[in-house]
Undergrad: 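Take a look at the following structure, please.
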Amino acid sequence: MVTVATESQQHRQQATVAVPDSRRKVVVDEVSGWLRVYDDGSIDRTWTGPPEALPLMQHVEPYAAPRDGHTLHDLPGEPNLRVYLPEIKQQDSAGRLPVIVQLHGGGFCISHPTWVMYHHFYARLACAVPAIVVTAQLPLAPEHRLPAQMDAGVDVLRRLRSIVTSEAATLEDPAAELLREAADLSRVFLVGDSSGGNLVHHVAARVGADGPDVWAPLRVAGGVPIHPGFVRAARSRSELEETSDSVFFTLDMADKFIAMALPEGATKDHPYTCPMGPNAPPLESVPLPPMLVSVAEKDLIRDTNLEYCDALRAAGKDVQVLINRGMSHSFYLNKFAVDMDPTTGERTQELIDAIKGFVSRH
């Protein structure tokens, strides 16, 4: 059973700046019900789209008593972490668990890792692998443009390493002590949803460029970009031919969020959103771990996702590609479709199985 905040609480969480009506000025930009930018610079993230989408955006409270084979903990700090700990019988050195660091999506501009849409999938993934799942709220654009989100991803790894390498009995938070006892820092995997998939690539590249001595004993053993937000300035064939069936991803939404997130004046051909393009460092020179890339067959950005996979292969990288047949962007995050539609449920299980197999091999 999931404990969620009330709708009013969720609205407060969504809104970066709650501006009283009397102070509101003119809306200068709006993104598909997700975000409004006012001419005074304030940002409002109160959801104004279809109300049936709201349950997926509800906040899930942490719980220390096991539910469905795991516990859920929040670790305040810099940055704040959320940790899924699967129940394990043994926590000695031989029984330590790999760590999945989830980098959430939302076009760099919206969403929160405590939402039901992420919770239902990553709680399930933690138990299936089994692995510890660590996630964090990333800074949001347009208030914080790229590379702020990449910097935050690196900071998550630094804090994870700091906790796990702490001396026994020196951590004040019991949940941090559980993390310290259970985590295998030599097997850290970056998993990212949508724009979080971009972060998987760039955070892994930063860690790789630093070299193993800088990060020891932490090692990024693999990356899993799921439907990464890789695009080009020119429309791909899939962007022109596929149609969106979800309020969670449309071309207008992608275009506007990317424009708000990229450095001022940059186009989609920037390396942050097109690491396989001519403006990016040659992939042969980018130190990346083994990668599992998940591509949705009916995704608007399917073709640029596949182009990224082809570019990795051409650069001699270790890459595995999973095609989610008949599925659209981030289908696995829609808990209701996963629970009620057999095909969506089957494809979600395939994704979980693929991640489980990838982690076990690395």
Side-chain angles (χ1 to χ4, degrees), residues 68-70 83-90 94-105 118-135 157 160 182-194 196-197 199-201 203-204 207-208 218-228 230 288-297 299 302 305-306 308-313 315-335 338 342-362:
D68 301 320
H70 69 280
V83 180
Y84 295 84
L85 286 172
E87 289 186 279
I88 52 178
K89 296 179 180 178
Q90 213 173 346
R96 285 179 176 266
L97 295 173
V99 181
I100 289 172
V101 172
Q102 183 233 356
L103 302 169
H104 70 76
Y118 295 117
H119 173 81
H120 89 94
F121 181 78
Y122 284 97
R124 182 175 167 185
L125 183 64
C127 296
V129 174
I132 298 165
V133 173
V134 176
T135 186
L157 294 179
L160 170 64
D184 181 357
L185 283 183
S186 70
R187 299 180 65 213
V188 174
F189 296 83
L190 306 179
V191 179
D193 317 278
S194 191
L199 302 181
V200 168
H201 174 95
V203 172
V207 172
L218 185 148
R219 180 178 71 96
V220 174
V224 185
I226 307 176
H227 313 160
F230 296 139
L288 292 172
M291 303 286 268
L292 166 64
V293 185
S294 180
V295 180
E297 185 178 34
D299 198 338
R302 176 198 64 220
N305 276 202
L306 291 173
Y308 171 71
C309 297
D310 290 342
L312 289 178
R313 287 197 192 98
K317 303 302 182 184
D318 182 346
V319 57
Q320 175 187 346
V321 180
L322 173 68
I323 304 297
N324 310 124
R325 300 294 178 189
M327 294 292 104
S328 56
H329 193 83
S330 296
F331 69 93
Y332 60 98
L333 297 180
N334 185 340
K335 183 181 187 305
V338 171
T343 301
T344 303
E346 181 180 343
R347 295 293 178 267
T348 300
Q349 186 61 53
E350 289 173 356
L351 175 59
I352 288 172
D353 290 344
I355 296 173
K356 178 179 179 178
F358 180 76
V359 171
S360 70
R361 291 191 299 275
H362 299 92

Undergrad: Please report the closest heavy-atom contact between Pro98 and Val359, naming both atoms and the distance.
TA: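 Heavy atoms of Pro98 and Val359 come nearest at CG-CG1, 3.8 Å.
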
Undergrad: Please report the shortest heavy-atom distance between Pro225 and Val200, naming the atom on each side.
TA: CG-CG1, 4.0 Å

Undergrad: Determine, using ring centers only, whether His227 and Tyr332 are less than 6.0 Å apart.
TA: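 Distance test on ring centres: under 6.0 Å, yes.
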
Undergrad: To check you understand the geometry: which heavy-atom pair defines the closest contact between Pro289 and Gly223, and what is its length?
TA: CG-N, 4.1 Å

Undergrad: Please tell me if the side chains of Ile355 and Ile226 come closer than 4.5 Å, counting only heavy atoms from C-beta onward.
TA: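 Ile355 reaches Ile226 side chain to side chain.
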
Undergrad: Salt bridge (charged side-chain N to carboxylate O under 4.0 Å, His left out): which pairs involve residues 347-362, sequence neighbours left out?
TA: Arg347-Glu350

Undergrad: Report the relative orientation of the aromatic rings in His119 and His70; use parallel for angles under 30°, tilted for 30 to 60°, perpendicular for over 60°.
TA: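 His119 and His70: tilted rings.
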
Undergrad: Would you call Leu157 and Val207 a side-chain contact if the rule is heavy atoms closer than 4.5 Å?
TA: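 Result yes, sub-4.5 Å side-chain heavy-atom pair found.
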
Undergrad: Answer yes or no: is there a side-chain heavy-atom contact under 4.5 Å between Leu185 and Leu160?
TA: yes

Undergrad: Indicate the ring-plane relationship of His362 and Phe189, choosing parallel, tilted or perpendicular according to the 30° and 60° boundaries.
TA: perpendicular

Undergrad: Do you see a donor-acceptor pair shorter than 3.5 Å between the side chains of Asn324 and Ser294?
TA: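 Per modelled atom types, Asn324 and Ser294 side chains form a pair under 3.5 Å.
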
Undergrad: Name the orientation class of the two ring planes belonging to His104 and Tyr118 (parallel below 30°, tilted from 30 to 60°, perpendicular beyond 60°).
TA: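 Ring orientation of His104 relative to Tyr118: tilted.
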
Undergrad: Just so I know, are the side chains of Gln102 and Asp193 near enough to count as touching, which here means a heavy-atom distance under 4.5 Å?
TA: yes

Undergrad: Evaluate the side chain to side chain contact (heavy atoms under 4.5 Å, CB included) criterion for residues Val220 and Val203: first the C-alpha distance (whole Å), next the side-chain angles of each, then the deciding distance (0.1 Å), finally the verdict.
TA: CA-CA 10 Å; Val220 174; Val203 172; over 6 Å; no

Undergrad: Nearest heavy-atom pair of Leu97 and Pro86: which atoms, and what distance?
TA: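 So the minimum-distance heavy-atom pair works out to CD1-CG, 3.6 Å.
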
Undergrad: Quick one, Asp68 and Arg124 - any side-chain contact, counting heavy atoms below 4.5 Å?
TA: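 No, side chains not in contact.
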
Undergrad: Looking at Ala183, is its backbone amide N or carbonyl O close enough to the side chain of Arg96 to form a donor-acceptor pair, meaning the two atoms are under 3.5 Å apart?
TA: yes

Undergrad: Identify the two heavy atoms, one from Ser194 and one from Gly105, that lie closest to each other, and give their separation to 0.1 Å.
TA: CB-CA, 4.5 Å

Undergrad: Taking the side chain as everything from C-beta on, heavy atoms only, tell me whether Met291 gets closer than 4.5 Å to Gln320.
TA: no

Undergrad: Provide the closest heavy-atom pair for Ile352 versus Ala128 in the form atom of the first, atom of the second, distance.
TA: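 It is CG2-CB, 3.6 Å.
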
